[in-house]
Amino acid sequence: MARFGMVIDTKKCVGCMDCVVACKTENNVPEGYNRDWIVTAANGKFPDIHLEIQTQRCNHCDYTPCVSCCPTGASHVEDFGKIVLVEHNKCIGCKACLAACPYDARFIHPDGYADKCTFCIHRVEKGELPACVSVCPTHCMYFGDLDDPNSEVSKLLASRKNHSLIPEAGTLPRIYYLT
Ligand code: SF4
Ligand code: SF4
Ligand code: SF4
């Protein structure tokens, strides 16, 4: 069974926000909310510091405080690709998961449930790439099985310097940034 993750080449990202627009369109994300967003961050340690443009979203962590805190079981890890999802009709909108996520990846949808990036599971199940990955004009985003040593994501991680966000939170995030 796959364990999906994303690898993002920050050397190729130009911050055009096509991924943000694609996500909103594909997933009918309501006005004023986002499942993904762009951040410009300083990366590295002095004197080796450089600016990095990062497209960010839920990290589909291996350790999920957002799931363990959920009182109803709405937040869960799918068998398919270990994607972290919210079952809308089980969610009571209590916001415990919003507080538990170190990445601020979740919001309460106007319809009352917690929402966030789904890794576009509806597309991936059909063999398609997530919408954000598929539209990127510089092809800086890669999606695949981190447990398969022959996948493009695994090969990139083995061959390029990379980091994930807020590793000290201990959630074992599955989105990696190539530097
Ligand atoms: Fe949960 Fe936040 Fe990790 Fe996503 S980024 S799996 S919402 S802790
Ligand atoms: Fe669970 Fe919904 Fe509460 Fe989040 S807001 S912890 S998904 S019931
Ligand atoms: Fe949005 Fe899908 Fe990309 Fe997640 S994987 S940020 S839901 S387009």
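Below, each value reflects all heavy atoms present in this structure, side chains not excepted, and no hydrogens, waters or symmetry copies. Just so it is clear, the model here is predicted, and its values are computed rather than measured. Atoms within each ligand, like the ligands themselves, are counted from 1 in listed order.
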Item to check | Every N, O or S from the protein that is nearer than 2.8 Å to atom 2 (Fe) of ligand 1 | outcome: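 Correct list: C101 SG.
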Handout entry: Any E26 heavy atom less than 4.0 Å from ligand 3
Key =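 Per 4.0 Å heavy-atom rule, E26 does not contact ligand 3.
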Mark up the atoms of ligand 3 that fall under 4.0 Å of a heavy atom belonging to [X], in ascending order.
X    : answer
R35  : 7 (S)
D36  : 6 (S)
P130 : 5 (S)

Rounded to the nearest 0.5 Å, how far does [atom2] of [Y] lie from [atom1] of [X]?
X    : Y    : atom1 : atom2 : answer
R35  : C120 : CZ    : SG    : 7.0 Å
C66  : H76  : SG    : NE2   : 11.0 Å
C58  : M6   : SG    : CE    : 10.0 Å
L146 : R174 : CG    : CZ    : 6.5 Å
C136 : M141 : SG    : CE    : 6.5 Å
T55  : I175 : OG1   : CD1   : 8.0 Å

Which residue and heavy atom of the protein sit nearest [atom], plus the separation:
atom                    : value
atom 1 (Fe) of ligand 3 : C23 SG, 2.3 Å
atom 2 (Fe) of ligand 2 : C91 SG, 2.3 Å
atom 7 (S) of ligand 3  : N27 ND2, 3.4 Å
atom 4 (Fe) of ligand 3 : C117 SG, 2.3 Å
atom 6 (S) of ligand 3  : R57 NE, 3.2 Å
atom 3 (Fe) of ligand 2 : C94 SG, 2.3 Å

Practice task
Among D147, D145, D148, find the one that has a salt bridge (Lys or Arg N to Asp or Glu O under 4.0 Å) with R3.
Solution key: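 Checked D147, D145, D148 against R3; only one passes salt bridge (Lys or Arg N to Asp or Glu O under 4.0 Å): D147.
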N/O/S from C132 sitting under 2.8 Å away from atom 3 (Fe) of ligand 3 |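 It does: C132 brings an N, O or S atom closer than 2.8 Å to atom 3 (Fe) of ligand 3.
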**Q.** D62/K82 salt bridge by N-O under 4.0 Å criterion
**A.** no
So [Y] and [X], do their side chains get closer than 4.5 Å, heavy atoms only?
X    : Y   : value
N34  : C23 : no
H60  : F4  : no
L172 : C61 : no

Which of the numbered atoms in ligand 2 are under 4.0 angstrom from any heavy atom belonging to [X]?
X   : value
G93 : 2 (Fe), 5 (S)
T72 : 8 (S)
I92 : 2 (Fe), 8 (S)
C70 : 1 (Fe), 6 (S), 7 (S), 8 (S)

Requested in this report: Ignoring hydrogens and angles, tell me if any N or O in the side chain of T10 forms a donor-acceptor pair with the backbone of L178 under 3.5 Å.
Outcome: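 Between the backbone of L178 and the side chain of T10 there is a qualifying donor-acceptor contact (under 3.5 Å).
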So for K95 against ligand 2, with non-hydrogen atoms under 4.0 Å, the contacting part is backbone
Should the pair F143 and F119 be assigned to parallel (<30°), tilted (30 to 60°) or perpendicular (>60°) ring geometry?
->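 F143 vs F119 ring planes: perpendicular.
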Inset, instruction - Output, in order, the C-alpha distance, side-chain angles, deciding distance and verdict of salt bridge (Lys or Arg N to Asp or Glu O under 4.0 Å) for R160 and D9. - result: CA-CA 9 Å; R160 294 269 305 271; D9 190 345; 3.0 Å; yes
